[in-house]
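Atoms within each ligand, like the ligands themselves, are counted from 1 in listed order.
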Amino acid sequence: MTYRTLDELDEGQRVLARLDLNSPVSVGVVEDNRRFSRHVETVRDLVEDGHRVALLAHQGRPGRDTFVTLEQHADILADHLDHHVEYVPDTYGQTALDAIEHLDAGEVVLLENVRMTDDELPERDPVEHADSALVQTLAPEFDAFVGDAYSAAHRKHASIVGFPLAMDSYAGRVMAGEYEANSSIATRDFDGEVTMVAGGTKATDVIDVMTALRDKVDNFLLGGVVGELFLRAVGYDVGRDIDENDLYESQWLANRDQITDLIENHPSDLVYPTDLAYADGDDERAEVTVAEVKNKDHDYLDVGTDTAEQFADIAANSSAIFVKGALGLFEDDRFNLGTVRVLEAIGECDSFSVVGGGDTSRAIEMYGMDEDAFSHVSIAGGAYINALTGKSLPGVEVLKDDSDW
Ligand SMILES: Nc1ncnc2c1ncn2[C@@H]1O[C@H](COP(=O)(O)OP(=O)(O)O)[C@@H](O)[C@H]1O
Ligand SMILES: O=C(OP(=O)(O)O)[C@H](O)COP(=O)(O)O
């Protein structure tokens, strides 16, 4: 069964929408990012349909530098929307209720960081959260709830799972788009080869996905730290190994069993890099074939040119491709070749393609690629991993008509 979408919401309602505007914060300054431009698709539809719109969102977690108010978020969202968004420095007290009551058709307020209330963060079942003061106070003020925070849908937090039990609920544009694309990898059957780009630095996440999808994927294109861990497992001396706290060493220990299992049971699905790139004595990009790697002196920061071409070829001949993690340190121009070459090849073919991971998705923007060239570019991190590994997301499940809650 499924959820209702904005297409089924009558016009001119009082609507409470939960977005995920959680953003990088640098010395108190909130950085603009794709979460704003994507959620604008939902907010714009709500404004154009004459709704009175209150938005709920979170930022950071208590105790962290990123835990700030949503004042700057309101301005950034307004810039993308080209429409005023009023910041309300209160989530569900009298100030918030007054602001909600005074909303006119097409007006938008952004309520204060919902994680500044005690109700939000405890991980609880929807039934319990529906009873919270947050939900019980806000729900009667609205006709409908729009769940749009897909990237926080793996959290059983009050504003994610509580409202749908207390209100008429709909999935927003981001929620529906993300859910359909990201879940299809685990649930759909594709005619032809299925390929996963497995790279980046968060090896455990990537290797969990590889393990979950090992019978589904025909080619795992290995790069980044993940690639080095697999190379090490088959006997190459790659990966920094300087002291006990070394990143590669701890990642190796954490993932050794799953890596060994994949190597033993799915050897023909693993596509290893055949060459790697590093910075030489003059700080220039240099390449070495994997067969020639003799020591662990270098940080290998990209796959080499031959590997990039081979991976691009496989990607171009696949019917479905999804990406988790970059093939190199693409933020540095010297080491962007693997990531950019393979993303471009994916963008140029007609296959079903999904790119996920906050950092990897940034490469698309950074190197001027067109997001529309891909079937879907996710704005989710943890929720994307959960979808790929076939785990259900509580924030999506509660929106469904046949939800058990
Ligand atoms: N060989 C490498 N050495 C260091 N960093 C790397 C390497 N390969 C990829 N990266 C980094 O990995 C990051 C992207 O992957 P990851 O950490 O898995 O994030 P995400 O899942 O958010 O995209 C990029 O910022 C990139 O610079
Ligand atoms: O940014 C988020 O998740 P992500 O870092 O996995 O993409 C969500 O807003 C969830 O935030 P949380 O991980 O503090 O619960």
Only distances under 3.5 Å count here; give the side-chain donor-acceptor pairs of residues 345-355 to other protein atoms, sequence neighbours excluded, each with its distance to 0.1 Å.
residue, atom, partner, partner atom, Å
S351, OG, S318, O, 2.8
S353, OG, S375, N, 3.1

Side chains of residues 386-396: which donor-acceptor partners sit under 3.5 Å, not counting sequence neighbours?
residue, atom, partner, partner atom, Å
T389, OG1, I385, O, 2.8
T389, OG1, N386, O, 3.1

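The closest approach between R64 and ligand 2 stays at or above 4.0 Å for every heavy atom of the residue.
The protein reaches atom 15 (O) of ligand 2 closely, with a heavy atom under 4.0 angstrom from it.
The shortest contact between atom 1 (O) of ligand 2 and any protein heavy atom is with R35 NH1, 2.9 Å. Among all non-hydrogen protein atoms, the one lying nearest atom 6 (O) of ligand 2 is G382 N, 2.7 Å. Scanning the protein heavy atoms around atom 13 (O) of ligand 2, the nearest turns out to be R155 NH2, 2.8 Å. The protein atom (non-hydrogen) at minimum distance from atom 3 (O) of ligand 2 is S151 O, 3.9 Å. Counting protein heavy atoms only, atom 8 (C) of ligand 2 is closest to D20 OD2, 3.3 Å.
Scanning R115, H157, E123 for the heavy atom closest to atom 12 (P) of ligand 2 points to R115. With distances taken over non-hydrogen atoms, the option nearest atom 26 (C) of ligand 1 out of A363, G224, G200, G328 is G328. The closest non-hydrogen atom to atom 21 (O) of ligand 1, taken over K324, E331, K202, comes from K324.
Using a 4.0 Å cut-off to heavy atoms of N22, the atoms of ligand 2 that qualify are 1 (O), 2 (C), 8 (C), 9 (O), 11 (O). Atoms of ligand 1 found under 4.0 Å from any heavy atom of G357, numbered from 1 in the order shown, are 20 (P), 21 (O), 22 (O), 23 (O). Listed by number with element, the atoms of ligand 1 under 4.0 Å from a non-hydrogen atom of L301 are 1 (N), 3 (N).
With a heavy-atom cut-off of 4.0 Å, Y300 touches ligand 1 through its backbone alone.
At a cut-off of 3.5 Å, with distance as the only test, a side-chain donor of D32 or H80 sits close to an acceptor on the other residue. Under the 3.5 Å distance criterion, with hydrogens and angles disregarded, no donor-acceptor pair is assigned to the side chains of N317 and E193.
No N or O atom of R362 sits closer than 3.5 Å to an N or O atom of ligand 1.
With a 6.0 Å cutoff to the six-membered ring centre and a 45° limit on the axis angle, R4 counts as a cation-pi contact of Y170.
Using a 4.0 Å cut-off between a side-chain N of Lys or Arg and a carboxylate O of Asp or Glu, R285 and D302 qualify as a salt bridge.
The side chain to side chain donor-acceptor pair (under 3.5 Å) test with H58 singles out one residue from H157, R155, E112, R18, and that residue is R18.
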